[in-house]
Engineer: 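Mind having a look at this structure? Questions to follow.
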Amino acid sequence: MKVAVIYASTTGNTEAMANAINEACKASGAEVIFGTADSADKAAVTACDVILLGSPAMGDEVLEDTMEDFYTGIEGSLNGKKVGIFGSYDWGDGQWLRDWNDRLTNAGAVSAGEALMVHLTPEEADVEQCKAWAAAAIK
Ligand SMILES: Cc1cc2nc3c(=O)[nH]c(=O)nc-3n(C[C@H](O)[C@H](O)[C@H](O)COP(=O)(O)O)c2cc1C
């Protein structure tokens, strides 16, 4: 099982989620491509069995810029791919993840599970939730 965990993070909150997700994927025995959206290899990512993408809510409920660029670059290659999304937010109600999920549906992606959001910095319980989410996503 090959899994890609690709994220963007401006202050480390989504990065902390990604680290927990990476850890859980590796603990499940998956081979993981782990990295940030600004340097990820699009072809290698879309060749994975499961793709887990993280971005904080930015602007007005939109993806962080480097993830927007990366995601736009792979959006046309996601038909039939299992994809999960996650990220940190502050004052919103998750609109950026609902919009991202709609884009995934339109791209023909298969959901790897409900989008996972954490308010600001992940606490210990949130880290555990990230790990459980990842384990379920790659089953
Ligand atoms: C410029 C800017 C725009 C933001 N826009 C939103 C937003 O639209 N909705 C929201 O819930 N949080 C918003 N936030 C809060 C961030 O999503 C939140 O601080 C998050 O924890 C950052 O995660 P990161 O450390 O992974 O970048 C914004 C923060 C900044 C700095």
Side-chain angles (χ1 to χ4, degrees):
M1 159 82 70
K2 275 183 95 170
V3 179
V5 180
I6 307 298
Y7 68 95
S9 185
T10 61
T11 64
N13 295 336
T14 304
E15 182 174 43
M17 296 177 74
N19 284 335
I21 288 164
N22 180 32
E23 212 177 287
C25 290
K26 287 199 291 198
S28 299
E31 186 186 328
V32 187
I33 295 177
F34 180 69
T36 52
D38 59 353
S39 63
D41 179 332
K42 295 183 179 75
V45 169
T46 53
C48 286
D49 303 298
V50 182
I51 302 169
L52 304 178
L53 301 173
S55 170
M58 280 286 137
D60 184 9
E61 298 296 330
V62 296
L63 300 180
E64 186 275 344
D65 286 347
T66 63
M67 179 53 81
E68 176 59 41
D69 286 351
F70 178 77
Y71 179 71
T72 302
I74 65 167
E75 200 164 15
S77 310
L78 296 179
N79 192 25
K81 280 278 165 194
K82 199 171 173 189
V83 183
I85 51 175
F86 61 93
S88 175
Y89 72 104
D90 187 359
W91 55 82
D93 68 352
Q95 189 61 45
W96 96 108
L97 286 181
R98 289 196 292 277
D99 290 345
W100 199 359
N101 205 48
D102 287 347
R103 290 173 72 180
L104 284 164
T105 303
N106 290 336
V110 177
S111 173
E114 201 177 326
L116 177 67
M117 59 187 213
V118 166
H119 185 236
L120 295 173
T121 305
E123 308 283 341
E124 209 176 306
D126 299 315
V127 168
E128 291 312 311
Q129 196 190 1
C130 288
K131 290 180 180 173
W133 180 85
I138 66 170
K139 271 218 171 103

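Every number for a ligand or one of its atoms is a count from 1 in the order of the listing. All figures in this text were calculated on a predicted structure; none of them were measured in a lab.
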Engineer: Is there a donor-acceptor pair under 3.5 Å between the side chain of Glu61 and the backbone N or O of Trp96?
Structural biologist: yes
Engineer: Hey, does Glu61 come in under 3.5 Å of ligand 1, counting only N/O atoms on both sides?
Structural biologist: yes
Engineer: What's the shortest distance from atom 21 (O) of ligand 1 to any protein heavy atom, and which residue and atom give it?
Structural biologist: Ser88 OG, 2.6 Å
Engineer: Of Trp91, Tyr89, Trp96, which has the heavy atom at the shortest distance from atom 28 (C) of ligand 1?
Structural biologist: Trp91
Engineer: Provide the number and element of each atom of ligand 1 under 4.0 Å from a heavy atom of Thr10.
Structural biologist: 24 (P), 25 (O), 26 (O), 27 (O)
Engineer: Atom 17 (O) of ligand 1: which protein heavy atom is closest, and how many Å away?
Structural biologist: Ala57 O, 2.7 Å
Engineer: Parallel, tilted or perpendicular: which one describes the rings of Trp133 and Phe86, with boundaries at 30° and 60°?
Structural biologist: perpendicular
Engineer: So is there a nitrogen or oxygen of Glu15 less than 3.5 Å from a nitrogen or oxygen in ligand 1?
Structural biologist: no
Engineer: Show me which atoms of ligand 1 lie under 4.0 Å from any heavy atom of Gly92.
Structural biologist: 10 (C), 11 (O)
Engineer: Just distances here: any N/O of Gly12 and N/O of ligand 1 closer than 3.5 Å?
Structural biologist: yes
Engineer: Report yes if Val62 has an N/O atom closer than 3.5 Å to an N/O atom of ligand 1; otherwise report no.
Structural biologist: no
Engineer: Please list the nearest protein heavy atom to atom 12 (N) of ligand 1 with its residue and the distance rounded to 0.1 Å.
Structural biologist: Asp90 N, 3.2 Å
Engineer: Of Thr14, Leu97, Ile85, Asp126, which is the lone residue that meets side chain to side chain contact (heavy atoms under 4.5 Å, CB included) with Met117?
Structural biologist: Leu97
Engineer: Looking at Ile21 and Cys130, what are the two nearest heavy atoms and their distance?
Structural biologist: CG1-O, 3.7 Å
Engineer: Show me the donor-acceptor pairs within less than 3.5 Å that the side chains of residues 62-70 make with the rest of the protein, sequence neighbours left out.
Structural biologist:
| from | atom 1 | to | atom 2 | distance (Å) |
| --- | --- | --- | --- | --- |
| Glu64 | OE1 | Thr66 | N | 2.9 |
| Glu64 | OE1 | Thr66 | OG1 | 2.5 |
| Glu64 | OE1 | Met67 | N | 3.1 |
| Glu64 | OE2 | Thr66 | OG1 | 3.3 |
| Glu68 | OE1 | Arg103 | NH1 | 2.9 |
| Glu68 | OE2 | Thr72 | OG1 | 3.0 |
| Glu68 | OE2 | Arg103 | NH1 | 3.4 |
| Glu68 | OE2 | Arg103 | NH2 | 3.1 |

Engineer: Considering residues, nucleotides and ligands other than Lys26, do more than 12 of their heavy atoms fall under 6.0 Å from its NZ?
Structural biologist: no
Engineer: In terms of atom number and element, which parts of ligand 1 are under 4.0 angstrom from non-hydrogen atoms of Asp60?
Structural biologist: 8 (O)
Engineer: To check your reading of the model: name the closest protein heavy atom to atom 3 (C) of ligand 1, its residue, and the distance in Å.
Structural biologist: Gly59 N, 3.4 Å
Engineer: Between Tyr71 and Ala107, which heavy-atom pair has the shortest distance, and what is it?
Structural biologist: OH-CB, 4.3 Å
Engineer: Can you sort out which atoms of ligand 1 are near Leu120, meaning under 4.0 Å from one of its heavy atoms?
Structural biologist: 18 (C), 19 (O), 21 (O)
Engineer: Could you tell me whether some N/O pair between Pro56 and ligand 1 is separated by less than 3.5 angstrom?
Structural biologist: no
Engineer: Side chain of Asn22, backbone of Asn19: donor and acceptor closer than 3.5 Å?
Structural biologist: no
Engineer: Kindly indicate, with the supporting measurements, whether the criterion side chain to side chain contact (heavy atoms under 4.5 Å, CB included) is fulfilled by Leu52 and Cys25.
Structural biologist: CA-CA 10 Å; Leu52 304 178; Cys25 290; 4.0 Å; yes
Engineer: Considering the heavy atoms of Ser9, write down every atom of ligand 1 situated less than 4.0 Å from one of them.
Structural biologist: 24 (P), 25 (O), 26 (O), 27 (O)
